[in-house]
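Just the heavy atoms: all of them, side chains too, but no hydrogens, waters or symmetry mates, feed the values below. Read the numbers this way: they start at 1 and go in the same order the structure lists the ligands and their atoms.
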Amino acid sequence: MRTQVGIIGAGPAGLLLSRLLHVQGIDSVVLENRDRAYVEARIRAGILESHTVQTLRDVGVGDRLDREGLHHTGIHLQIPGERVHLDFEALCGRTVWVYGQTEVVKDLIATQLDEGPPLLFCVTDVQPHDVDTDSPRITFTDADGVAQELQCDVVVGADGFHGVSRPLVTAATGGKVWERVYPFSWLGILADAAPATDDLVYAWHPDGFALYSMRSPSVSRLYVQVDPTEKIEDWSDERIWDALDERLGLSGWSVNRGPITEKSILPMRSFVSTPMRHGRLFLAGDAAHIVPPTGAKGLNLAVADVTLLATALVRLLQEKETDLVDAYSDTALRRIWRCTHFSWWMTSMLHTVSAAQGGDDFDHQLQLSQLRRVFASEAAQRELAENYTGLPIER
Ligand code: APR
Ligand code: PHB
């Protein structure tokens, strides 16, 4: 088999890159080691920045998002007894959409299986080769157990945090990794309950952070901060609702309860690996960086990476110019570090660290002071709004 761009991974990064290249006349093949049902069932975050929505529309996969997505013009921030609304539209003229990453992935897969290029599920032993030459290859075993070779001009590792691509880049370049593991996790639930709030609520509470989000007018997505050692079996539905009530409650207002359809505990980390390229192997999305979910930057960063990379690859493969691929890693990393800082800042402002993990009441007072500053200052609100709704993609 031969293609121009061999893409490893059918998450949002790999699928959208394939689509961006397709509409600009570049061939690709996407190789995914899981099956379609598994990829489409993974529950992830659900906030799309303005540029993400525009990119999805531009490549013809925005129809269901426009019909079913919930347009949100702000968020609520809360400390006990006080909830403040930030109006993003007034603060920075940009807004966000609530539409699950799972739905974005389903839309991208449906379009790709319909219109191409090829998307192969259930492949194993995926391995890039010769990436320091102009004729890289990917070897793999297809779903029927047959050994295959895909010859390419370029290989893209969009294979997530546990993929095969990043270790190759790191080993070949002597790359550098930055990492912070946070001393808390999120317990997330999906519930068949109408959201009791118009916009998302991000709440600081001495017991820990809580977030009220949603997926539709009848489905809520909620999170509570828990200790990383907590086990999901120890959190009955009632215990989860009680914690949500305690942390999100306000006098005269409460969380709407309903049957919980999914619950899981997610660890929180920040991770950046550089560079994002070795020879003709490029990294995009979670393969190169992870952010904690506070602020929902993960998917949007993956979209920003592949938007930049698609432009660079079109220039390389159609115009034979290397300037944009040479600039890709540094250009992408500037925005990645901005989002890494914003996610860390939101996380640090909103999560309490237990005494056992070294936290104390001094930290709490600093957090409350920072939150009150955001409540009171239009400049502080604007800084949050610009970052939350997504900074422009530098090209
Ligand atoms: N071979 C083929 N496919 C692989 C391999 C491999 N060796 N290793 C991993 N994959 C696949 C995974 O099964 C997954 O479908 O690569 C895909 C990577 O997708 P994501 O993990 O969703 O990463 P990305 O596309 O970069 O999207 C980033 O996803 O994790 C969330 O919060 C994150 O929202 C962010 C977004
Ligand atoms: C979600 O809806 O899953 C979500 C929303 C906002 C966040 C994180 C997750 O900051």
- Message: Within ligand 1, which atoms have a heavy atom of Arg34 less than 4.0 Å away?
- Response: 13 (O)
- First locate atom CG of Asp114, then atom CD1 of Ile109, and finally report the distance between them rounded to the nearest 0.5 Å. 13.0 Å
- Task: Could you tell me whether Phe209 and Trp186 have their ring centroids closer than 6.0 angstrom?
- Result: yes
- Item | Proximity of Ala158 to ligand 1 by residue part, where a heavy atom lies under 4.0 Å | backbone
- Query: So, is Ile8 polar-close to ligand 1, with some N/O to N/O distance under 3.5 Å?
  - Reply: no
- Message: Looking at ligand 2, would Tyr99 count as a contact under a 4.0 Å heavy-atom criterion?
- Response: no
- Does the ring centre of His364 sit less than 6.0 Å away from the ring centre of Trp204? yes
- Taking the six-membered ring for Trp, are the ring centroids of Trp337 and Trp178 within less than 6.0 Å of each other? yes
- Going by the atom numbers of ligand 2, which of them fall below 4.0 Å from some non-hydrogen atom of Pro293? 7 (C), 8 (C), 10 (O)
- Task: Quick one: look up the protein heavy atom nearest atom 20 (P) of ligand 1 and list residue, atom name and how far away it is.
- Result: Arg44 NH1, 3.8 Å
- Side chain, backbone, both or neither: Leu31 near ligand 1, heavy atoms under 4.0 Å: backbone
- Message: Could you check whether any side-chain heavy atom of Arg19 comes within less than 4.5 Å of a side-chain heavy atom of Glu115, counting everything from C-beta outward?
- Response: yes
- Message: Taking 4.0 angstrom as the limit and counting only heavy atoms of Gly285, give me the atoms of ligand 1 inside it, by number and element.
- Response: 26 (O)
- Who's the nearest protein heavy-atom neighbour of atom 10 (O) of ligand 2, and how far? Tyr202 OH, 2.6 Å
- Item | Sub-4.0 Å heavy-atom contact, Arg215 with ligand 2 | yes
- Task: Examine the proximity of ligand 1 to Val126 and report which part, side chain or backbone, both or neither, has a heavy atom under 4.0 Å away.
- Result: side chain
- With heavy atoms only and a cut-off of under 4.0 Å, state how Ala296 meets ligand 2: side chain, backbone, both or neither. both
- Query: In ligand 2, which numbered atoms sit nearer than 4.0 Å to a non-hydrogen atom of Trp186?
  - Reply: 8 (C)
